[in-house]
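What follows is a short report on a single structure.
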Amino acid sequence: SFDRNACLDRISSCRSLSAAKQIHAQVLATHRTLRSDTYVANLLLQMYGKCGSVDDAARVFGWISNRDSFSWVLMLSAFAQNGHLESAKRLFDAMPLWTLAAWNAMLSAYGRNGFIQSAKGIFDKMLERNLISWNALLSAFALAGHLGRAQEIFDAMIEWNVVSLNAMLGIYSRNSQLARAKSLFDKMPERDVISWTTLIAANARHGHTEAARALFDAMPRRDQFSWNSMLSGYIANHNLDKAKIFFDHMPEWSLVSWNTLISGYAQSGHPEEARSVFLEMRERDLVSWNALLDAYALHRKVDEARFVFDTIPERNLVSWTLMINVYAVEGHLEESKYLFQKMPLRDVAAWNAMLSAYARRGLLNHARSVLAAMPERD
RNA sequence: CCUCCCUGCUCGUCUGA
């Protein structure tokens, strides 16, 4: 009665936490030996990590009877992808076996959370490295905005693959080096969908909608990311009409497509349109909710925003920060402070929100004490 | 045999010329 292939398909296509829980329940009901089926259990663990629930991922991890090296790395990634760097580190230290993938995962965990020194430290400690390690280090510097250091690493690498080159494309694009990106793209021995999409997004972000569209039309194969990138290009350049037409002509829509449209309406001053798109969706994730919250936040609709905030099935850092900012803009600093203290986890953006809330009102003593309490400053 | 680690799309704070 347990259809393995169907189950694997459902798990890998799962996009939201609510769907994840349904799938989990269904698998539990049909698969009697799930607990010792490490392969399938690992997929569940991964699914929860991707859907943003570290708690559920950890529960599955603890419940698996025979954890393999995949389980450990998946759990580490779940922590890292959701900003729980401390837990990731603790798990890494507790690992029974440090595979190369485990080292790479830890390296990338530091990198994606902005701790480049620690990332470099891990890299230096590694006895064995592969191209993935180098690429992860490259991305760590790229993400931190260190174009020069990234370039040095890139030049020091003895081999590159399409991932390395795509990473450089992305670095150039984030640093507004569009000409360099284009020239690298032209020189690449092979390009995949990601190369094309990176360049499309780069052009779109810098206001070159036409160039983006030309690339989009020229690319040999398009996936959902490509379509979404082009859509968000129109929206970033305030071509909401074209965006809507483009959206209607898309062969398929992912949650991101819908979310992009919501945030398009939000940013262009149409909270009601944003809301109606939101209501049209048959499935929503946290970003959908946050985008709607943002729509109300931008228009200072405090009650509507609060209602959304109270209704969200689960909240993340973005939701909390949005709501803090809604109150801050209205001058309700007590509310902001209350939420700030109540939120389970704070990142730089949250701290900045609270800091600027006080600063904007000239409450410099409060601002100073926030600044003093921040774990990391720059 | 099939799942892990590196690159591209959507939501928040601040900063930039």
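Each chain gets a letter, A, B and so on, in the order its sequence line appears, and its residues count up from 1.
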May I ask you to say what [X] touches in the nucleic acid, namely base, sugar-phosphate or nothing, with a heavy-atom cut-off under 4.0 Å?
X	answer
A349(A)	base
T197(A)	base
R112(A)	sugar-phosphate
A167(A)	sugar-phosphate
D347(A)	base
R360(A)	sugar-phosphate
R205(A)	sugar-phosphate

C5(B) phosphate, OP1 or OP2, under 4.0 Å from S108(A) side-chain N/O: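 False: S108(A) side-chain N/O out of range (4.0 Å or more) of C5(B) OP1/OP2.
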Filtered N/O pairs between nucleotides 15-17 of chain B and protein, under 3.5 Å:
none

Let's see if you can work this out: which of [options] has an atom nearest to the side-chain heavy atoms of [X]?
X	options	value
Y39(A)	C9(B), U3(B), U10(B)	U3(B)
V193(A)	G8(B), U3(B), U13(B)	G8(B)
S263(A)	C14(B), C9(B), C11(B)	C11(B)
S356(A)	G12(B), U13(B), C9(B)	U13(B)

Only pairs under 3.5 Å count here: list side-chain donor-acceptor contacts from residues 324-334 of chain A, not counting sequence neighbours, and write none if there are none.
from: Y327(A); atom 1: OH; to: R306(A); atom 2: NH1; distance (Å): 3.2
from: E330(A); atom 1: OE1; to: R300(A); atom 2: NH2; distance (Å): 3.2
from: E330(A); atom 1: OE2; to: R300(A); atom 2: NE; distance (Å): 2.8
from: E330(A); atom 1: OE2; to: R300(A); atom 2: NH2; distance (Å): 3.3

Ring pair (Phe, Tyr, Trp, His ring centres under 6.0 Å) contacts in which one or both residues fall within residues 162-194 of chain A, not counting sequence neighbours: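 Listed by first then second residue: F185(A)-W196(A).
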Ring pair (Phe, Tyr, Trp, His ring centres under 6.0 Å): pairs with one or both residues in residues 35-69 of chain A, sequence neighbours excluded: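 Only H24(A)-Y48(A), F61(A)-W72(A) qualify under ring pair (Phe, Tyr, Trp, His ring centres under 6.0 Å).
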Whether F123(A) and W134(A) hold their rings parallel, tilted or perpendicular, with breakpoints at 30° and 60°: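 Perpendicular, since the angle between the ring planes exceeds 60°.
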Parallel, tilted or perpendicular, as decided by the 30° and 60° cut-offs, for the rings of F79(A) and H84(A):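 H84(A) and F79(A): tilted rings.
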Least distance between heavy atoms, N290(A) atom then L322(A) atom: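 So the two residues come closest at O-CD1, 3.5 Å.
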Which atom of A181(A) lies closest to which atom of L199(A), heavy atoms considered: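 Taking A181(A) first and L199(A) second, the nearest heavy atoms are CB-CD1, 3.9 Å.
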What is the distance, rounded to the nearest whole Å, between atom [atom1] of [X] and atom [atom2] of [N]?
X	N	atom1	atom2	value
I64(A)	U3(B)	CD1	P	16 Å
D9(A)	C2(B)	CG	C1'	11 Å
R191(A)	G8(B)	CZ	P	19 Å
L97(A)	C4(B)	CG	C1'	13 Å
L100(A)	C6(B)	CG	P	12 Å
Y234(A)	U10(B)	OH	C1'	17 Å
E159(A)	C6(B)	CD	P	17 Å
L339(A)	U13(B)	CG	C1'	15 Å

Residues which pass side-chain contact (heavy atoms from CB on, under 4.5 Å) with A142(A), listed by chain and number, not counting sequence neighbours: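 For A142(A) the side-chain contact (heavy atoms from CB on, under 4.5 Å) partners, ignoring immediate neighbours, are I171(A), R174(A).
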Side-chain donor/acceptor of D192(A) to base of G8(B), under 3.5 Å: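 No, no donor-acceptor pair under 3.5 Å.
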Show which side-chain atoms of residues 51-58 of chain A pair as donor or acceptor with protein atoms under 3.5 Å away, not counting sequence neighbours.
from: S53(A); atom 1: OG; to: D56(A); atom 2: N; distance (Å): 3.2
from: S53(A); atom 1: OG; to: D56(A); atom 2: OD2; distance (Å): 2.5
from: D56(A); atom 1: OD1; to: R59(A); atom 2: NH1; distance (Å): 3.0
from: D56(A); atom 1: OD2; to: K21(A); atom 2: NZ; distance (Å): 3.4

By salt bridge (charged side-chain N to carboxylate O under 4.0 Å, His left out) - contacts of K242(A) (at least two apart):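 With sequence neighbours excluded, K242(A) shows a salt bridge (charged side-chain N to carboxylate O under 4.0 Å, His left out) to no residue whatsoever.
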Centroid under 5.5 Å and tilt under 30°, W351(A) to U13(B):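 Given the distance and angle limits, no, they do not stack.
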Pairs of donor and acceptor atoms involving the side chains of residues 153-164 of chain A, under 3.5 Å and at least two apart or interchain, shall be tabulated with distances.
from: D155(A); atom 1: OD1; to: Q151(A); atom 2: NE2; distance (Å): 3.3
from: W160(A); atom 1: NE1; to: F154(A); atom 2: O; distance (Å): 2.9
from: N161(A); atom 1: OD1; to: N135(A); atom 2: ND2; distance (Å): 3.4
from: N161(A); atom 1: OD1; to: V163(A); atom 2: N; distance (Å): 3.0
from: N161(A); atom 1: OD1; to: S164(A); atom 2: N; distance (Å): 3.0
from: N161(A); atom 1: OD1; to: S164(A); atom 2: OG; distance (Å): 2.9
from: S164(A); atom 1: OG; to: N135(A); atom 2: OD1; distance (Å): 2.9
from: S164(A); atom 1: OG; to: N161(A); atom 2: N; distance (Å): 3.0
from: S164(A); atom 1: OG; to: N161(A); atom 2: O; distance (Å): 3.3

Residues touching RNA chain B, which here means a heavy atom under 4.0 Å, drawn from residues 123-148 of chain A: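 When residues 123-148 of chain A is checked for heavy atoms under 4.0 Å from RNA chain B, the hits, listed by number, are I132(A), N135(A), A136(A), S139(A).
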Sorted by number, the residues of residues 311-332 of chain A with heavy-atom contact under 4.0 Å to RNA chain B: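 Heavy-atom cutoff 4.0 Å gives L317(A), V318(A), T321(A), L322(A), N325(A).
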List the atom pairs, with distances to 0.1 Å, where a side-chain N or O of residues 243-252 of chain A and a protein N or O form a donor-acceptor pair under 3.5 Å, not counting sequence neighbours.
from: K244(A); atom 1: NZ; to: D248(A); atom 2: OD1; distance (Å): 3.1
from: K244(A); atom 1: NZ; to: D248(A); atom 2: OD2; distance (Å): 3.1
from: H249(A); atom 1: ND1; to: I245(A); atom 2: O; distance (Å): 2.7

Can you give me every donor-acceptor pair (side chain of residues 353-360 of chain A, partner residue at least two apart or in another chain, under 3.5 Å) with its distance?
from: S356(A); atom 1: OG; to: N352(A); atom 2: O; distance (Å): 3.1
from: S356(A); atom 1: OG; to: A353(A); atom 2: O; distance (Å): 3.3

